Amino acid sequence: MDFAFTDDQAAITQAAREMLVETCTPTDLRRMLEAGEPSDQARWSTINEMGLLGILAPEAAGGLGLAAPDFVGIAEAAGYVALPEPLVDLAGVTIPLLASLDDDHGWTERAIGGAVVAIGHPANRFVADADTADALLLGDGEDLHIVSRNAVTLTRAESFDPLRRLFQVDWAPSDETRVGSGWGDAADRGALFAAAQMIGLAQRSIDMAVAYAKERTQFGKAIGGYQAVKHLIASAQVKVEFARPVVQAAAAELALGTLPSRARIAHAKIVAGEAADLAARTSVQVHGAMGMTWEVDLHFFLKRAMALNYAWGTPAAHRRTVIDRMTSLPTGPDKTFASELADA
Amino acid sequence: MDFAFTDDQAAITQAAREMLVETCTPTDLRRMLEAGEPSDQARWSTINEMGLLGILAPEAAGGLGLAAPDFVGIAEAAGYVALPEPLVDLAGVTIPLLASLDDDHGWTERAIGGAVVAIGHPANRFVADADTADALLLGDGEDLHIVSRNAVTLTRAESFDPLRRLFQVDWAPSDETRVGSGWGDAADRGALFAAAQMIGLAQRSIDMAVAYAKERTQFGKAIGGYQAVKHLIASAQVKVEFARPVVQAAAAELALGTLPSRARIAHAKIVAGEAADLAARTSVQVHGAMGMTWEVDLHFFLKRAMALNYAWGTPAAHRRTVIDRMTSLPTGPDKTFASELADA
Amino acid sequence: MNLDYTPEQRAFRAEVRTWMEANVPSGPLPSFDLTREGFEAHRDWERKLNEGRWGMVTWPEAYGGRGLDLIRWLIFEEEYYRAGAPVRVNQNGIFLLGPTMMEFGTDDQKARFLPRMAAGDDVWAQAWSEPGAGSDLAGVRATATRDGDEYVLNGQKIWSTRAVFADWAFGLFREPGSERHKGMSLVLFPLDAPGVTRRPIARMDGEMVFAEIFLDNVRVPVADRLGEEGQGWHVCMATAGFERGLMLRSPARYQVAASKLIALYEANKDSTPASVIERVAQGWMDADAYALTIYAMASRLAGGGTIGPEASTNKIFWSELDIELHRTALDILGDRAELMPAAPDRGDAGDWLDGHIFALAGPIYAGSNEIQRNIIAERMLGLPRG
Amino acid sequence: MNLDYTPEQRAFRAEVRTWMEANVPSGPLPSFDLTREGFEAHRDWERKLNEGRWGMVTWPEAYGGRGLDLIRWLIFEEEYYRAGAPVRVNQNGIFLLGPTMMEFGTDDQKARFLPRMAAGDDVWAQAWSEPGAGSDLAGVRATATRDGDEYVLNGQKIWSTRAVFADWAFGLFREPGSERHKGMSLVLFPLDAPGVTRRPIARMDGEMVFAEIFLDNVRVPVADRLGEEGQGWHVCMATAGFERGLMLRSPARYQVAASKLIALYEANKDSTPASVIERVAQGWMDADAYALTIYAMASRLAGGGTIGPEASTNKIFWSELDIELHRTALDILGDRAELMPAAPDRGDAGDWLDGHIFALAGPIYAGSNEIQRNIIAERMLGLPRG
């Protein structure tokens with residue numbers, strides 16, 4: 001029983017985080033939006049060169065063969081910077097799924113090498129990043145298909161989050177495009193790593209609130225010196241502190257694939273979403289009217305947090321999973337960890 | 001359309017409140033408890049002499065013939081002092097019910113004159129004040145019976161609120177004791193005036209918090225000067241400000257007896273209970289460890305608030321009434337008042 | 001206490017309803033913040049209201065109003081929101097500047113400004129806040145330097161509603177060298193005067209709902225000062241009272257929102273957990289509670305009472321209610337919540353997202369809720385300052 | 001990161017469970033606060049624990065403990081709460097005084113006090129707070145006046161847990177004339193010493209769970225001072241760290257409460273709105289989240305990390321969780337919530353009412369949650385003081 005990250009885990013997370021914080025500043029985001037660029041090729045190359053895309057793919061498929069706890073901190077960092085590129089969905093969800101197919105038509109290797117495969121999982125209404133994708137992994141009933149970008153018609157579904165690019169996809173399945181059957185644990189992975197991103201988003205909102213509260217003065221003193229402001233921010237930080245370990249535990253237990261492990265993911269998604277929501281609203285409040293503007297960067301994080309809260313299963317859906325586990329299997333202090341419970 | 005109390009209403013409320021605040025101090029409550037006295041005869045005589053018991057009884061029956069809005073402020077004042085005597089149940093619920101009976105066996109007149117008739121309404125698990133009652137109004141199926149105190153066996157059901165005297169009643173109905181059929185609007189009245197008491201209790205908790213916060217110092221200044229303490233108390237006061245008019249509106253609409261008017265009573269009971277609960281917990285927090293003690297008077301009000309919150313229908317039960325009205329009848333800005341809606 | 005409308009009040013409601021049904025535009029008008037065209041469409045609506053004498057219903061008849069008592073004003077608002085009539089581009093004039101001018105203005109000012117305001121000929125922007133001042137209005141730094149019969153205005157204003165297309169603005173300016181609450185004057189200035197520059201501020205969703213105003217040696221006659229010289233704080237506090245208090249936030253808007261939320265829930269019942277109905281019911285109860293409380297306040301005012309610091313409780317209650325109504329709606333919408341109006345497959349997502357963004361500003365503007373809680377604690381409950 | 005227990009940890013759990021099943025009293029013991037008899041029954045339990053070397057499991061073996069690492073301590077606590085074993089009358093010794101003495105005590109003190117503490121022969125009360133001091137420990141006014149080899153203690157202490165029947169107490173005293181954080185010493189004194197008077201304080205429900213201690217020229221040897229003279233604040237802060245932080249509030253108690261709440265809900269499903277299950281689920285999730293967070297902290301400490309101001313987040317989280325678990329239970333109980341244990345018709349009301357009263361104290365004691373939020377804001381997030 002060890003809840004700590006290994007030195008290796010900490011090192012790769014730290015390296016990825018530093019790269020993301022450095023290359024994906026709000027200024028970078030604004031530049032992309034102004035230029036109408038859907039993604040930053042230089043950053044994507046760096047992500048690729050660092051081996052982040054294949055982190056969860058088997059070594060046999062050219063990946064690093066690591067597991068969810070190795071990626072959860074990276075997903076958190078991607079949330080912290082509101083990364084526009086599909087690192088998290090690709091490395092966390094799509095590539096492991098591709099690698100599990102009997103015949104992936106070579107897409108695992110291509111995706112590890114930086115090709116974008118957008119994923120049209122039924123948990124989501126639209127397909128994110130379909131416009132910059134080389135191919136799309138889509139479902140037709142239980143069947144999975146990989147379809148070339150050129151073979152589909154996209155209709156943009158504009159999100160409140162301008163850096164989130166969602167599309168309605170019109171396409172036709174065929175025997176040639178079929179690559180397998182069943183989504184495996186993709187929904188769990190999607191929810192888990194969305195939760196991790198929301199932890200990062202929550203912390204970013206708080207960090208911005210703290211920075212602003214130190215600098216901004218009202219009635220002759222920094223607003224961060226007022227107890228009301230302190231307590232608002234402190235309450236948001238408490239939410240984050242008690243959501244992050246839930247996400248980490250969910251990552252460590254993902255592989256079990258049992259009801260308890262899935263309920264922990266659901267739990268993680270719920271509380272990370274609540275933390276991100278509270279932190280974003282708190283940060284808006286601390287920023288005052290400035291927090292409502294496009295000019296202040298906060299909105300990038302608020303929007304992403306809201307979008308992810310409803311993506312990969314709504315809180316209501318996840319709550320049903322939690323209640324299902326709670327009412328059908330034993331609870332108690334010796335039943336904290338999923339490994340202590342057989343699935344129902 | 002006039003939401004203001006008349007001068008007469010204000011005057012009688014003011015007189016009753018002054019009397020109650022003067023004669024029912026926490027010191028008085030403690031004296032009663034120490035002496036084991038279930039009620040204060042002098043205060044009960046004063047209540048009687050002021051005509052408060054018959055306020056809602058028809059003039060023909062010896063009452064004042066007034067209506068619920070005339071009593072709502074008095075019930076609030078009874079809550080404010082945590083009155084141990086059954087003024088509210090008697091004047092607000094039991095006497096109007098007695099007066100509506102075909103043959104009340106003379107109990108309306110006796111009750112207006114100060115005799116206590118305890119009420120065993122099915123909304124409540126136990127009968128309050130049965131030990132000091134001259135008679136009990138009890139139900140057997142749809143039938144109502146009035147039974148002498150000597151004809152029943154009482155088992156005390158000790159409440160957290162030491163001034164609330166609840167009893168399990170063992171009794172046998174007979175043709176002689178039967179006085180009528182159906183509880184009429186007694187449940188509505190019980191809930192309405194419980195709500196009014198909770199507004200008074202909420203305000204009392206806040207007033208005590210304010211007084212303590214002005215006086216108590218920490219780190220060299222009055223704790224009421226700290227923004228955290230101010231904001232806690234202010235938030236509780238906001239709850240009260242937006243619950244009191246709901247209770248008053250519910251009183252004004254009681255006589256309609258329609259689903260919308262009953263839903264307003266349910267609404268009033270819910271929000272008054274929430275206000276009283278928040279105010280009590282806030283006041284405990286402001287009082288610090290002292291607020292947890294028997295020595296500080298706050299607990300009298302906290303306990304009564306908790307008991308009344310679950311009496312005369314739980315918040316869950318009242319919420320069902322609200323939802324029933326909300327989903328079955330029109331809502332909107334022109335449908336605020338029950339008189340604007342026919343019953344379903 | 002009597003919660004029945006009088007026959008006269010019922011007749012009045014019917015009159016408003018009839019007029020609104022005949023005159024309210026069938027579809028939404030284009031935004032008055034975004035284009036001149038949208039602004040003028042709203043000005044036209046103000047003109048139409050004024051023609052029916054429904055523009056400034058709380059103003060005295062002498063200024064084009066109806067001198068409505070507060071109960072009738074509430075009925076008017078109920079019918080206005082019920083009809084889905086356009087947001088008032090004239091809002092600053094109706095509720096802020098108009099009443100202030102009636103109280104503090106000279107006869108000349110009243111004659112020059114009020115009829116044009118009522119008619120929509122002059123639409124007014126407010127110019128109070130400044131960068132760095134926020135809730136601390138006494139921190140205003142823009143100056144009005146007296147030069148004979150003129151003031152020379154310099155400085156910067158921010159969060160000015162309507163300012164991009166409005167005709168005039170009213171703002172707080174201080175005598176150079178004066179400090180805090182002293183030496184401030186409330187000055188009126190045309191927004192097309194030489195030296196005035198306006199810059200729209202984009203809200204987080206890109207909508208332009210505020211503007212900055214830059215003043216560079218803008219000369220205005222001393223006659224366009226409202227109230228006494230140096231008494232701007234006093235005048236302004238009277239105005240702020242109107243804004244925080246009864247006037248600006250009529251209950252009807254929340255009751256209409258609650259009814260829409262109920263409909264949204266009913267339409268999406270199958271995909272929504274049963275428990276959400278309790279949040280919907282809470283929103284509906286709170287909207288009604290707000291209405292009842294405002295009716296109670298209106299009755300108190302009608303009986304000669306006053307509204308003091310308890311206006312701060314209103315601000316907190318409606319701003320929290322507004323957020324909760326919208327959060328509940330977004331939770332019902334689920335993954336449709338994030339979609340912008342042009343997106344496919346939005347179903348009945350309506351304008352809940354836009355409303356949510358607007359609601360987020362509620363606890364901030366018109367005096368942040370932190371300030372309001374201070375006011376409640378100190379002025380209503382008597383807790384010590386500082 | 002590996003969330004499987006090792007075989008050794010599993011074996012340890014089995015060992016604890018076996019011992020508890022064999023030794024935990026079948027029914028609840030009488031209260032240790034109310035009667036000498038109840039106190040001694042708890043002391044007997046401490047003796048039995050000590051015989052099995054389960055008394056001070058986190059202490060080094062040299063002092064009668066097992067030197068458990070934190071993960072094993074958590075497992076021990078899980079089994080302790082799971083077995084429904086009695087509340088530890090020895091708590092002040094285990095978690096506060098014991099570790100403090102190991103860090104700051106002389107060899108003589110360790111030899112004299114620790115074994116007796118472990119054996120339950122000396123049960124300790126804490127004597128920190130004073131009337132008027134509350135969360136402001138630096139406001140302590142009780143004095144220790146040096147007189148040769150003795151201190152003469154005078155003053156009043158309040159909110160002393162266990163003090164009515166305990167044998168010894170440890171408290172903060174200041175050198176006469178010293179101020180705030182300076183000049184304080186942590187002094188040990190026997191509660192039957194001449195000049196010591198104890199007065200139980202009734203909780204709001206009449207239970208006596210605290211006491212006041214009055215000290216009137218109580219003479220104790222200087223050798224019974226813990227830590228250096230005048231360094232009491234420093235010593236005390238180390239102790240307070242233990243109290244706020246990891247040690248005192250093991251997650252198991254909330255997880256057991258959450259399981260009981262789930263059972264209460266299931267048993268009362270028919271009379272409870274369906275939505276309440278979401279509150280029950282939230283309570284269960286939060287109890288588990290608290291456990292996971294403590295496991296994460298324990299792992300960090302095991303890896304050589306430290307716990308700083310984030311201990312304050314624990315305090316806020318468990319105290320709010322505890323209240324919410326109990327509020328939900330009371331809402332399920334409805335009109336049975338108010339009933340005292342002897343009342344008829346209580347059904348499965350259990351001790352939720354008593355637990356609720358206890359929970360209400362959570363946000364107050366061991367540093368109020370207001371103080372904790374200040375600590376988080378200032379020391380964890382770096383916001384300015386004052």
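What you see is a predicted model; the values in this text were computed from it and never measured. Side chains included, hydrogens not; waters and symmetry mates left out as well; all remaining heavy atoms used. Naming: A, B, ... by sequence-line order, numbering from 1 per chain.
Ranking A/Ala268, A/Ala213, A/Ala249, A/Ala67 against chain D, the residue ahead of the rest is A/Ala249, based on heavy-atom pairs under 4.5 Å. Chosen from D/Ala258, D/Ala302, D/Gly303, D/Gly382, the residue pairing most often with chain A at heavy-atom distances under 4.5 Å is D/Gly382. Across D/Met380, D/Arg300, D/Glu310, the residue that shares the most heavy-atom pairs under 4.5 angstrom with chain A is D/Met380. Note on A/Arg325, A/Lys335, A/Lys221: by heavy-atom pairs under 4.5 Å with chain D, the leading option is A/Arg325. For chain D, the option among A/Glu253, A/Lys239, A/Gln237, A/Arg244 with the highest count of heavy-atom pairs below 4.5 Å is A/Gln237. Note: D/Glu378 leads D/Arg385, D/Lys260, D/Glu378 in heavy-atom pairs under 4.5 Å with chain A. In terms of non-hydrogen atom pairs under 4.5 Å with chain A, the most contact-rich of D/Asn369, D/Ile277, D/Thr6 is D/Ile277. Chain A forms more heavy-atom pairs under 4.5 Å with one residue of D/Ala296, D/Ala291, D/Ala252 than with any other, namely D/Ala296.
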Apply side-chain contact (heavy atoms from CB on, under 4.5 Å) to the pair D/Met285 and A/Val322, showing each step before the final yes or no.
CA-CA 8 Å; D/Met285 283 193 280; A/Val322 167; 3.9 Å; yes
Show the numbers, then the answer: is there a salt bridge (Lys or Arg N to Asp or Glu O under 4.0 Å) between A/Arg320 and D/Glu278?
CA-CA 9 Å; A/Arg320 280 192 292 274; D/Glu278 299 203 352; over 6 Å; no
Test side-chain contact (heavy atoms from CB on, under 4.5 Å) on D/Gln372 and A/His231; report intermediate values, then the result.
CA-CA 9 Å; D/Gln372 306 300 343; A/His231 286 201; over 6 Å; no
side-chain contact (heavy atoms from CB on, under 4.5 Å), that's the test. Do D/Met1 and A/Asp70 meet it? Break it down for me.
CA-CA 9 Å; D/Met1 200 173 188; A/Asp70 301 280; over 6 Å; no
Would A/Thr327 and D/Tyr265 count as a side-chain contact (heavy atoms from CB on, under 4.5 Å) here? Give the steps.
CA-CA 10 Å; A/Thr327 52; D/Tyr265 172 78; 5.9 Å; no
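Only the side chain of D/Ile316 comes within less than 4.5 Å of a heavy atom in chain A; its backbone stays farther off. Looking at A/Glu274, only its side chain comes within 4.5 Å of chain D, counting heavy atoms on both sides. Proximity to chain A (any heavy atom under 4.5 Å) is restricted, for D/Glu79, to the side chain, taken from C-beta onward. Both the backbone and the side chain of D/Leu3 come within contact range of chain A, judged by heavy atoms closer than 4.5 Å. Both the backbone and the side chain of A/Glu241 come within contact range of chain D, judged by heavy atoms closer than 4.5 Å.
Summarising the geometry of A/Pro333 relative to D/Glu78, their closest heavy-atom pair is O-CD, 3.2 Å, with the distance given to 0.1 Å. Between D/Ala377 and A/Ala234, the shortest heavy-atom contact is N-CB, 4.4 Å.
Residues A/Phe3 and D/Tyr295 place their aromatic rings such that the two centres sit no closer than 6.0 Å.
Between A/Phe337 and D/Tyr5, the ring planes lie perpendicular to each other; the angle is over 60°, past the 30° to 60° tilted range.
D/Arg13 has no carboxylate O lying under 4.0 Å from a charged side-chain N of A/Glu340, or vice versa, which leaves the two without a salt bridge. Between D/Arg82 and A/Asp334 there is a salt bridge, with a side-chain nitrogen of the basic residue lying less than 4.0 Å from a carboxylate oxygen of the acidic one.
Contact annotation: the side chain of A/Arg264 approaches that of D/Leu292 to within less than 4.5 Å [non-hydrogen atoms, C-beta and beyond]. In this structure, the side chains of D/Glu320 and A/Val238 stay at 4.5 Å or more apart for every pair of heavy atoms. With a 4.5 Å cut-off on side-chain heavy atoms, D/Thr313 and A/Phe242 count as touching. Side-chain contact check for A/Met1 versus D/Asp4: every heavy-atom pair is 4.5 Å or farther apart.
Side chain of A/Lys230 to main chain of D/Ile375: no donor-acceptor pair is present (N/O by atom type, distance under 3.5 Å, no hydrogens or angles).
A side-chain donor from one of A/Arg319 and D/Gln282 sits under 3.5 Å from a side-chain acceptor of the other. A/Thr336 and D/Gln255 share a donor-acceptor pair across their side chains, judged by distance under 3.5 Å alone.
Between atom OG1 of residue A/Thr331 and atom CD1 of residue D/Ile262 there is a gap of 4.0 Å, rounded to the nearest 0.5 Å. Here A/Gln227 contributes atom CD and D/Glu370 contributes atom CD; the two are 7.5 Å apart, rounded to the nearest 0.5 Å.
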